[in-house]
Amino acid sequence: MSRQDEARAFHYAVYDTVQQIPYGKVTSYGHIAKLIYKPKNSRHVGQALKYLSIEGPNDYPYHLNNVPWWRVINGAGAISPRDESSVQRQLQLLIEEGVVVVNNKVKLSEFGWFPETEFDDYT
DNA sequence: CGCCTGACCGTCA
DNA sequence: TTGACGGCCAGGC
């Protein structure tokens, strides 16, 4: 498996998990990382999402329109800073879904999606 | 092949 | 309750 393939597999796993976040809910990069059994790769979840805005390979089945990237924020409940326009777009999309954002922060106890990850017996 | 960066996180003062 | 600091490791050069 080439490095490219592994990268693609990782990205796909991220996108697939992000697609499972319910409408009107949000979760963190770290949680996504855990769900794909790579708890140390939280930063790469962000990289994967960033990749959505780039034009991928022809067979790339994921893109900005079929992956709810805006439902992923950081562990502090805030929209991770990057270029201004993207942050604004994300903020707007969240508000449209009814997610309350105060001081650029979401109350995770209310809108957070942290499903019980029953992989206790996973070793 | 090696070095730098980063849409992060947990820990600790 | 915050802010600084390491640690992490795939991606891009």
Side-chain angles (χ1 to χ4, degrees):
Chain A
M1 213 178 183
S2 75
R3 202 177 170 202
Q4 276 291 321
D5 291 332
E6 291 190 22
R8 200 185 61 169
F10 180 82
H11 287 156
Y12 281 18
V14 170
Y15 302 143
D16 191 61
T17 304
V18 171
Q19 289 180 325
Q20 294 176 47
I21 306 173
Y23 180 97
K25 293 285 184 178
V26 298
T27 195
S28 70
Y29 300 95
H31 189 63
I32 296 291
K34 281 181 191 169
L35 291 179
I36 59 178
Y37 305 106
K38 292 198 175 293
K40 307 295 179 61
N41 296 47
S42 52
R43 304 188 79 146
H44 299 110
V45 173
Q47 287 191 355
L49 294 187
K50 183 173 187 176
Y51 208 73
L52 284 173
S53 59
I54 303 174
E55 194 156 330
N58 298 319
D59 64 332
Y60 215 64
Y62 298 93
H63 46 78
L64 289 173
N65 298 313
N66 63 13
V67 178
W69 55 272
W70 58 90
R71 295 181 193 149
V72 185
I73 58 182
N74 65 32
I79 294 176
S80 292
R82 54 220 195 254
D83 54 295
E84 186 74 20
S85 59
S86 298
V87 173
Q88 287 305 317
R89 190 155 51 249
Q90 178 167 19
L91 180 60
Q92 162 124 20
L93 286 165
L94 287 175
I95 291 174
E96 284 178 13
E97 295 195 350
V99 175
V100 177
V101 185
V102 183
N103 274 2
N104 204 43
K105 282 184 186 170
V106 175
K107 195 187 276 184
L108 294 179
S109 59
E110 185 173 356
F111 301 102
W113 179 70
F114 300 99
E116 297 314 314
T117 54
E118 68 262 22
F119 46 108
D120 312 21
D121 54 313
Y122 184 85
T123 46

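Lettering follows sequence order; numbering is per chain, from 1. These figures come from a predicted structure and were not determined experimentally.
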| field | Protein-nucleotide distance (Lys38(A), atom NZ; dC8(B), atom P), rounded to Å | value | 20 Å
| task | Could you state the atom-to-atom distance from NE2 of His31(A) to P of dG10(B) in whole Å? | result |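 In whole Å, dG10(B) P and His31(A) NE2 are 12 Å from each other.
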| Looking for any heavy atom pair under 4.0 Å, which part of the strands does Pro39(A) touch: base, sugar-phosphate only, or nothing? | nothing
Taking [Y]'s backbone N and O only, do any of them form a donor-acceptor pair with [X]'s side chain (distance below 3.5 Å, no angle check)?
X        : Y        : answer
Asn74(A) : Ala76(A) : yes
Ser42(A) : Tyr29(A) : no
Tyr15(A) : Ala48(A) : yes

Quick one: which of [options] gets closest to the side chain of [X]?
X        : options                 : value
Tyr51(A) : dC9(C), dG12(C), dC9(B) : dG12(C)
Gln47(A) : dG10(B), dA7(B), dG6(B) : dG6(B)
Lys50(A) : dC9(B), dA7(B), dA10(C) : dA7(B)

| Is any side-chain N or O of Arg43(A) under 3.5 Å from a base N or O of dG7(C), one able to act as donor and the other as acceptor? | yes
| task | Might you point out which heavy atoms bring Arg82(A) and Val87(A) nearest each other, and give the distance in Å? | result | N-CG2, 3.9 Å
Below 4.0 Å: OP1/OP2 of [N] and any side-chain N or O of [X]:
X        : N       : result
His11(A) : dG11(C) : yes
Ser80(A) : dC8(B)  : yes
Lys40(A) : dC9(C)  : no

